[in-house]
Amino acid sequence: MNVSAHIEAVYAEVQRRNPGEAEFHQAAAEVLESLAPALEQHPEYVESGILERLCEPERQLMFRVPWVDDQGAVRVNRGFRVEFNSALGPYKGGLRFHPSVNLGIVKFLGFEQIFKNALTGMGIGGGKGGSDFDPKGRSDAEIMRFCQSFMTELYRHLGEHTDVPAGDIGVGGREIGYLFGQYKRITNRYESGVLTGKPVGWGGSHARTEATGYGAVYFAQEMLATRGEDFDGRRVVVSGSGNVAVYAVEKVHALGGRVVACSDSTGYLVDEDGIDLELLKEVKEVRRARLSAYAEARPTARFSTRGTVYDLACDVALPCATQNELGREDAVALVKNGVRAVAEGANMPCTPEAVEVFREAGVLFGPGKAANAGGVATSGLEMRQNAARDTWSFEETESRLAQVMRDVHTECRATAEAYGTDADDYVLGANVAGFLKVAEAMQAQGVI
Ligand code: NDP
């Protein structure tokens with residue numbers, strides 16, 4: 001059997017069946033390209049069509065979300081939920097509210113989520129959802145009405161044993177609260193485990209807000225440790241200034257590093273003294289203002305709309321904004337300026353061309369499905385606490401998160417060594433390790 005030909009045929013079918021879904025094609029190609037060594041050892045997975053089934057979501061939902069704005073005008077958005085794979089547990093993955101959201105983006109995110117969730121070892125399947133709703137500039141009341149309308153359709157597909165959404169871009173604790181309230185009202189059930197990322201106090205987990213950013217930094221720390229290095233005294237750039245970015249900055253500072261830049265969709269901020277975390281949180285989380293407001297409040301900082309954070313010299317780069325934000329030229333600039341490690345806090349922020357530049361230059365590269373797995377892992381911890389009607393302390397939850405990240409890192413390296421030629425190949429390690437867990441479960445469950 002020719003494994004390469006099989007993989008190419010599956011990929012050609014993905015392209016044919018899902019026209020125009022560029023991000024999904026990209027995510028599928030990145031995983032499929034890694035899997036030849038795993039399929040050579042498991043020809044039974046070829047025979048039982050595991051790849052064909054993996055690339056086709058179990059269920060795709062698209063629905064109308066009508067709502068009324070503050071002026072009384074009727075608005076219509078499109079809602080999505082892609083329930084991709086439930087071999088390992090209930091579908092699990094966030095909801096994204098951003099005007100760029102379309103079916104292809106939700107499918108790329110859901111596909112990634114299958115392998116990421118498998119890597120955490122927590123018994124959760126893969127899914128993702130969202131809407132092309134733009135929350136920017138909307139009042140609290142508008143956000144609430146939108147969330148209520150969104151959940152009025154989605155609730156019938158959810159359940160703590162069926163499908164468990166969480167946050168993503170544009171969806172944080174406030175939105176999860178409105179979504180949960182509507183779910184509870186319609187179903188007449190206080191089903192804590194149906195959504196994760198709830199505020200602490202009514203079913204949320206300590207450290208969930210921090211988990212993705214902290215986890216990405218833990219992953220980078222583990223990568224650096226393989227070369228006898230750590231964050232102490234290191235210069236770091238972070239992209240984005242949302243949930244993942246803010247807590248990546250916090251953890252880098254706690255480990256003795258200095259984050260000198262972060263960004264939003266309008267530009268980037270440079271603060272050579274190190275980002276002032278309190279000010280950043282106040283601007284982004286309390287005032288919900290643009291990042292430029294930080295520079296207005298702090299004379300040592302500057303805000304620029306030309307170039308990117310990747311133009312700056314740094315030891316470590318943590319892309320934490322969005323897909324395909326770090327291209328080949330950015331990667332070349334980072335390498336030229338001495339970057340040693342890149343860990344993806346966001347999903348697929350580096351283009352394949354950028355990843356190739358890092359690989360050729362020997363830069364440690366942690367792909368999102370491993371490096372940002374701390375968020376969903378802590379959602380898994382939230383589900384455990386909800387199921388047991390228990391609450392763990394921040395310290396206990398964070399120490400479990402840190403252990404999950406160490407385990408994911410170890411598993412990626414061990415798998416890369418076993419199935420490839422280089423333990424530093426975290427892309428191969430993450431893809432193959434995640435795939436093997438899902439494939440084994442699918443194989444055992446029959447042709448479903
Ligand atoms: P937030 O909405 O909290 O923040 C997103 C940040 O990225 C903002 O600073 C935003 O800027 C910026 N951004 C978004 N879109 C663009 C764009 N098109 N161009 C430039 N900047 C952009 O989202 P999160 O921090 O939760 O998510 C960030 C990334 O991390 C996403 O890729 C997400 O999928 C991934 N992720 C998140 C997890 C979580 O637990 N939240 C878990 C795992 C991965 P602006 O405000 O100007 O739009």
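Just so it is clear, the model here is predicted, and its values are computed rather than measured. Every number for a ligand or one of its atoms is a count from 1 in the order of the listing.
- In this structure, atom 10 (C) of ligand 1 has its sub-4.0 angstrom surroundings free of protein heavy atoms.
- If you number the atoms of ligand 1 from 1 as listed, the ones under 4.0 Å from a heavy atom of Gly240 come out as 9 (O).
- Only the side chain of Arg290 comes within contact range of ligand 1, with a heavy atom under 4.0 Å; no backbone atom does.
- Phe80 is linked by a ring pair (Phe, Tyr, Trp, His ring centres under 6.0 Å) to nothing, counting only residues two or more places apart in sequence or in another chain.
- Of the listed residues (Ile169, Asp134, Val244), the one carrying the non-hydrogen atom nearest atom 37 (C) of ligand 1 is Val244.
- A donor-acceptor pair under 3.5 Å is absent between the side-chain atoms of His206 and the main chain of Glu398, judged by distance alone.
- Contacts with ligand 1 closer than 4.0 Å are made by side-chain heavy atoms of Lys136 only, the backbone lying farther away.
- Of the protein's heavy atoms, Gly170 N, 3.0 Å lies nearest to atom 2 (O) of ligand 1.
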### Task
Output, in order, the C-alpha distance, side-chain angles, deciding distance and verdict of ring pair (Phe, Tyr, Trp, His ring centres under 6.0 Å) for Phe146 and Phe97.
CA-CA 10 Å; Phe146 176 81; Phe97 292 170; 5.1 Å; yes
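- Atom CZ of Arg189 has 12 or fewer heavy atoms from other residues, nucleotides or ligands within 6.0 Å.
- Proximity annotation for atom 35 (C) of ligand 1: of Asn347, Thr266, Ile105, Asn347 comes nearest, heavy atoms only.
- A salt bridge links Asp424 and Arg413; the closest N-O separation between the charged side-chain nitrogens and carboxylate oxygens is under 4.0 Å.
- With respect to Asp132 and Arg78, no salt bridge is recorded, no charged nitrogen being found less than 4.0 Å from a carboxylate O.
- Not one N or O of Asn372 is nearer than 3.5 Å to an N or O of ligand 1, by distance alone.
- Note: Tyr190 and Phe180 meet the aromatic proximity criterion, with ring centroids under 6.0 Å apart.
- When each atom of ligand 1 is checked for a heavy atom of Cys320 under 4.0 Å away, the hits are 28 (C), 29 (C).
- In Thr212, the part holding a heavy atom less than 4.0 Å from any atom of ligand 1 is the side chain.
- Using a 4.0 Å cut-off between charged side-chain N and carboxylate O, Glu353 and Arg328 make no salt bridge.
- Looking only at distances, a side-chain donor or acceptor of Gln385 sits under 3.5 Å from a matching main-chain atom of Leu381.
- Residue Met348 places every heavy atom at 4.0 Å or more from ligand 1.
- You'll find the ring centres of Phe111 and Phe84 inside the 6.0 Å limit.
- When the heavy-atom distances from atom 26 (O) of ligand 1 to Asn324, Asp168, Leu109 are ranked, the shortest goes to Asp168.
- Note: no N/O pair closer than 3.5 Å links Lys116 and ligand 1 by distance alone.
- Here Glu344 has no heavy atoms under 4.0 Å from ligand 1, in either its backbone or its side chain.
- Listed by number with element, the atoms of ligand 1 under 4.0 Å from a non-hydrogen atom of His98 are 15 (N).
- In this comparison of Ala373, Ala321, Ser241, Ala377, the heavy atom closest to atom 29 (C) of ligand 1 sits on Ala321.
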